[in-house]
Structure formats: C-alpha cells, structure tokens
Amino acid sequence: MLRLSAISLLLLLSIPYVSAHGFVYKVGIATETYIGNIPNAEPTSSIVRQIDTVDPVKGANNSFLNCGQDAQLASNITEANPGDPMSFLWTGGDLSRWPHNIGPMLTYMTSCSSTDCTTFNSSQAKWFKIAQVGRIPGDSDGTWFQNNLYSQDGVPANVTLPANILPGAYLIRHEIIALHLATVLGGAEFYPSCSQILVTGSGTGAPTDDELVLLPGAYTDEDPGILVPDVFNTPPPPYTFPGPPIAAFVGVASSPAVSGSGSTPTPTVSASAPTSSSSSSTTGKTCKLKRVSNSTLTKREEVVPQRHLSRLVRGLAFALGGRTH
Ligand SMILES: *[C@@H]1O[C@H](CO)[C@@H](O)[C@H](O)[C@H]1NC(C)=O
Ligand SMILES: *[C@@H]1O[C@H](CO)[C@@H](O)[C@H](O)[C@H]1NC(C)=O
Ligand SMILES: *[C@@H]1O[C@H](CO)[C@@H](O)[C@H](O)[C@H]1NC(C)=O
Ligand SMILES: *[C@@H]1O[C@H](CO)[C@@H](O)[C@H](O)[C@H]1NC(C)=O
Ligand SMILES: *[C@@H]1O[C@H](CO)[C@@H](O)[C@H](O)[C@H]1NC(C)=O
Ligand SMILES: [Cu+2]
C-alpha cells in the first residue's frame with residue numbers, strides 16, 4: 001500500500017493547489033474600489049481585464065505575459081489622478097488568500113494611444129516600468145513584500161501613480177512573479193493583470209524610448225531575476241529585478257501647469273532615475289510581520305511554510321515522475 005499512500009499524499013498536497021493560484025479581485029484607486037471579474041465567470045462591467053484561468057503564465061516568451069491568461073478587453077475605464085495611491089488585491093480563484101510569498105511584484109504602464117483602452121489591444125504595446133518591490137529591506141530572513149499578501153487576509157499590493165505623469169488613457173499592469181519553483185529553468189510563475197485608467201491632470205512626464213519594452217519581450221527565462229537557483233539560500237542573496245529600469249520621470253515631482261499652452265508638453269526636468277534594484281514604490285515599511293493564526297483559515301494552512309510545501313510537492317512529483325505547476 002506504499003504506492004497508494006504515496007499517491008494519496010500527493011493528492012492531499014495537491015488539492016490546495018487547485019485554487020492555489022489567483023487573480024486581481026480588487027483594484028483600489030485613491031478612495032474607490034473596483035472589482036475584477038473572477039476568471040471565466042460571466043463578466044460584468046469592470047476596469048480590470050478578465051483572464052480565463054487562475055493558473056500562472058509560464059515561460060518568458062508566452063504571449064499571455066502581456067496582460068494575463070487570455071486577457072479580454074474590459075468595458076470600463078475610470079479616472080485617476082497623478083500621485084494617486086493604488087492597490088491591487090490578489091486572491092485565489094475562490095477569493096481565498098493569495099497563495100504565494102516568494103518573488104517580486106512589478107508595475108508597468110502603457111498608453112492606450114488615442115483610445116479609451118476599452119478597444120485597445122496591447123499585444124504590441126510599449127510598456128514602461130513605474131515600480132518594483134522585492135525583499136523587504138533589512139529583513140534578515142529575506143522576506144518578500146509579496147509575503148504581506150500571503151500572510152494576512154485582504155492585504156493588497158500598493159503602488160503610487162507617478163506624480164507628473166502625462167494625462168491620458170493607460171493600462172496599468174501589476175505583475176507578481178512567484179519564484180518558489182524558479183530554482184529550475186522555466187519554473188517561475190508569472191501573474192500579470194491589466195486595468196484601464198484615465199489619468200487626469202496636467203503632468204508632463206513620459207518615458208524615454210529606451211525605457212519602453214514589449215511584453216513578452218522584456219524577459220528571458222534565463223534572466224537572473226527569473227531563473228534564481230539561490231532563491232532559498234541563507235543569508236538571502238540580493239535580488240536582481242528583471243525588465244527595464246523604472247522610467248526616470250517616475251522620480252520627478254509634479255510640475256506646475258504650463259499656462260496658455262495647448263502644445264505637446266515637454267519635460268524640462270531631467271533628474272536621475274531611481275533605477276537601482278532596491279527601488280520601491282512603497283513607503284519603506286520594514287516592520288516584522290505578525291504571523292496570523294486563524295482557525296478559520298481553509299485549505300492553504302500556515303502549518304507548513306509554503307517554500308517547504310513547494311519543495312515537498314516538487315520532491316514527490318519528481319519521485320512519481322509527475323510535474324508540479
Ligand atoms: C524566446 O524568445 C527569444 C527572443 O525572440 C528567443 O531567442 C528564444 O529562443 C525564445 N525561447 C523560447 C523558449 O521560445
Ligand atoms: C490582440 O491581438 C492578438 C494578436 O492578434 C490576439 O491574439 C489577441 O487575442 C488580441 N487580444 C484582444 C484582447 O483582443
Ligand atoms: C464605469 O466606471 C465608472 C467610474 O468608476 C462608474 O461610475 C460606472 O458605474 C461604471 N460603469 C459600469 C457600467 O459599471
Ligand atoms: C499596502 O499598504 C497597507 C496599508 O499601509 C499595508 O498594510 C500592506 O502591507 C501594504 N502591502 C504590501 C504588499 O506591502
Ligand atoms: C479570522 O477569520 C474570520 C473570518 O474570516 C475573521 O472574522 C476574524 O477576524 C479572523 N481573525 C483574525 C485574528 O484574523
Ligand atoms: Cu500558484
């Protein structure tokens with residue numbers, strides 16, 4: 001019965017993974033909250049482009065790296081002000097807590113050109129990066145900001161819209177890269193999500209051509225931030241973010257409105273960019289996280305730290321000749 005119990009154990013360990021991926025359930029902009037459609041559900045009007053499965057996008061060349069798994073146009077767009085705080089609440093497909101806690105979170109934007117985004121196909125769009133967060137600075141365990149989503153219900157990722165961004169319709173693409181399987185080539189899991197926002201105001205900031213990338217196109221499977229053999233090492237090694245640097249204009253404060261000019265705004269400030277790999281759009285919280293133990297927690301229990309579970313599942317799957325997600 002060894003075989004049977006091994007299979008039972010694998011099943012037992014695999015069950016949580018049925019819903020153990022996820023999607024963006026809520027987007028916050030300033031004080032408003034917008035609901036994203038559950039993957040594959042009958043869509044309602046939203047600003048969030050709906051995907052068709054909670055499963056991760058695999059492979060840096062995958063066309064679904066653009067806006068997520070078979071992402072559809074969303075029928076709504078909403079206004080946002082430069083400098084607005086935004087939040088992205090990632091959950092499992094059953095609205096349970098986000099199941100991963102290892103890897104960075106990156107944010108990109110692209111102009112929807114002359115459209116209001118509701119008809120804009122972004123597959124050939126040029127994206128610029130506005131934020132990225134990795135490990136929490138000063139945390140000796142190397143805890144990732146992503147762990148804040150994992151360790152407590154309802155905690156979103158936070159991003160600030162650039163204070164001087166040129167007005168217009170944009171897609172904002174929030175991405176989690178889960179690295180728990182990234183010790184091997186192709187193991188990284190990509191979770192991109194795109195929302196449609198109409199930026200108001202009189203900002204003048206825009207990316208330079210060399211800050212623009214295609215998605216897919218910006219990453220390769222061999223990038224040091226995507227294939228990360230030492231991700232579980234102690235002490236935690238420094239992390240190298242994939243993709244371009246954060247666009248330089250993101251670090252520039254808002255400029256006063258130019259009076260009496262309808263012409264194309266020209267950024268006059270040239271500041272050096274906050275491009276170091278430690279750039280963070282969050283407010284530098286370095287406090288230790290409290291482990292919440294909540295008996296109402298379902299399936300994805302806290303008992304087994306996820307990195308160990310992942311290793312266990314991988315080990316088992318390897319032993320049985322199978323594959324994990
Ligand atoms: C991904 O795209 C790059 C650049 O086009 C190419 O060199 C590489 O072979 C592709 N990799 C796969 C796995 O298709
Ligand atoms: C965008 O265009 C690509 C390539 O033609 C296509 O595969 C994809 O389905 C389109 N996406 C949307 C949201 O229409
Ligand atoms: C579209 O978004 C606007 C602005 O948030 C909201 O007022 C409106 O109700 C939305 N429309 C639909 C059909 O949901
Ligand atoms: C987002 O901000 C909230 C409120 O400050 C905070 O509790 C949460 O930890 C932040 N999220 C991340 C991923 O750091
Ligand atoms: C535990 O979960 C329940 C139900 O979601 C919630 O009402 C309660 O506040 C949670 N307790 C803690 C300590 O998080
Ligand atoms: Cu997953």
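Ligands are counted one by one from 1 in listed order, and the atoms in each one are counted from 1 as well.
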Any protein heavy atom nearer than 4.0 Å to atom 7 (O) of ligand 3: no

Geometric class of the Phe128/Tyr170 ring pair [parallel <30°, tilted 30-60°, perpendicular >60°]: perpendicular

Donor on one side chain, acceptor on other, Asn76 and Ser46, under 3.5 Å: no

Atom name in His100, limited to N/O/S, at shortest distance from the Cu ion (ligand 6): NE2

Side-chain donor-acceptor contact under 3.5 Å, Thr78 with Tyr34: yes

The one among Ile47, Thr33, Ile29, Thr78 that brings a heavy atom closest to atom 4 (C) of ligand 3: Thr78

Pro156 and ligand 4 - part of the residue with a heavy-atom distance under 4.0 Å: backbone

Closest to atom 1 (C) of ligand 3 among Ile35, Thr44, Asn76 (heavy-atom distance): Asn76

Tyr191/Trp98 aromatic ring centres below 6.0 Å: yes

Residues His174 and Trp90: side-chain donor-acceptor under 3.5 angstrom: yes

Side-chain donor-acceptor contact under 3.5 Å, Gln196 with Arg49: yes

Heavy atom of protein closer than 4.0 angstrom to atom 11 (N) of ligand 3: yes

Identity of the nearest option to atom 2 (O) of ligand 4, non-hydrogen atoms only, from Asn148, Val159, Leu89, Asn158: Asn158

Which atom of His21 approaches the Cu ion (ligand 6) most closely (N/O/S): ND1

Trp144 ring center within less than 6.0 Å of Tyr239 ring center: yes

Geometric cation-pi criterion Arg173 and Tyr108, 6.0 Å radius, 45° cone: yes

Leu149-ligand 4 polar pair, N/O distance under 3.5 Å: no

Ligand-residue contact atoms, ligand 3 with Ser45, heavy atoms, under 4.0 Å: 12 (C), 13 (C), 14 (O)

Those atoms of ligand 4 less than 4.0 Å from some heavy atom in Val155: 8 (C), 9 (O), 11 (N)

Atom indices of ligand 4 within 4.0 angstrom of Phe145 heavy atoms, with elements: 13 (C), 14 (O)

